[in-house]
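These numbers were taken from a predicted model, which means no experiment stands behind them. Chain letters run A, B, ... following the sequence lines, proteins first, then strands; residues in each count from 1.
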Amino acid sequence: GQNIDQPTEMTATEGAIVQINCTYQTSGFNGLFWYQQHAGEAPTFLSYNVLDGLEEKGRFSSFLSRSKGYSYLLLKELQMKDSASYLCAVRGSYNTDKLIFGTGTRLQVFP
Amino acid sequence: DTAVSQTPKYLVTQMGNDKSIKCEQNLGHDTMYWYKQDSKKFLKIMFSYNNKELIINETVPNRFSPKSPDKAHLNLHINSLELGDSAVYFCASSWGANTGELFFGEGSRLTVL
């Protein structure tokens with residue numbers, strides 16, 4: 001079966017650091033993706049990990065451990081505009097763009 | 001210029017009706033998708049086309065019929081609408097298999113009464 005778990009909601013303060021975790025159990029694995037979705041808008045691509053380790057992209061970093069079926073998205077220097085849902089998605093097999101999404105983590109950033 | 005555009009953005013209709021949602025992308029991508037996002041914000045793939053050819057067809061009722069007249073367009077027709085079809089339908093595109101970066105349209109919110 002395919003299962004991707006994320007916390008439903010998180011809150012944090014402007015300027016702080018927040019870590020959003022994602023665990024997955026899928027029949028195959030060929031990459032893990034993070035998308036950001038503001039309320040009422042389309043999801044937008046944030047990051048991609050296929051090998052173990054940390055990928056850094058400005059204020060956002062994403063980590064992957066394939067042996068543990070685990071990833072996290074780290075957001076630094078939080079801004080109010082970071083309030084959004086963060087979707088973890090797994091690509092189960094090679095040569096397909098079929099992404100299996102988790103239910104998303106709704107992050108609220110307070111002043 | 002909008003990269004992936006869908007119409008209509010909002011659609012309210014009665015049970016039993018037939019409706020269509022259109023999608024166009026001007027990114028030159030080869031692959032297009034339809035995703036459904038339900039009230040719990042769960043985003044699930046429905047269909048994928050690569051250069052007009054159907055490559056992914058998830059377990060979707062056959063009331064849903066996608067059509068891709070060319071690689072820049074992917075439309076979704078839904079027959080005999082049911083209450084459970086109420087959701088936001090997102091069109092997306094990508095360069096092709098194994099890229100992972102999907103470009104989503106703004107979504108079409110369908111409400112079935």
S.K.: Quick one: which residue pairs count as a salt bridge (Lys or Arg N to Asp or Glu O under 4.0 Å) with a foot in residues 12-22 of chain A, not counting sequence neighbours?
M.R.: none
S.K.: Which residues pass the ring-ring contact (aromatic ring centres under 6.0 Å, His included) test with B:Phe47, not counting sequence neighbours?
M.R.: none
S.K.: Which region of A:Leu46, side chain (C-beta onward) or backbone (N, CA, C, O), has a non-hydrogen atom less than 4.5 Å from a non-hydrogen atom of chain B, or is it both or neither?
M.R.: neither
S.K.: Report whether A:Tyr86 and A:Leu64 are members of the same hydrophobic cluster (ILVMFWY, side-chain heavy atoms less than 4.5 Å apart, transitive linking).
M.R.: yes
S.K.: Using heavy atoms and a sub-4.5 Å threshold, report which of residues 101-109 of chain A line up against chain B, by residue number.
M.R.: A:Phe101, A:Gly102, A:Thr103
S.K.: Closest approach of B:Tyr35 and B:Met46, non-hydrogen atoms and distance?
M.R.: C-SD, 4.2 Å
S.K.: Examine A:Trp34 and A:Ile4 and state if one hydrophobic cluster contains both, with Ile, Leu, Val, Met, Phe, Trp and Tyr joined whenever side-chain heavy atoms are less than 4.5 Å apart.
M.R.: yes
S.K.: Does A:Glu41 have any side chain to side chain contact (heavy atoms under 4.5 Å, CB included) partners at least two apart in sequence or in another chain, and if so, which?
M.R.: A:His38
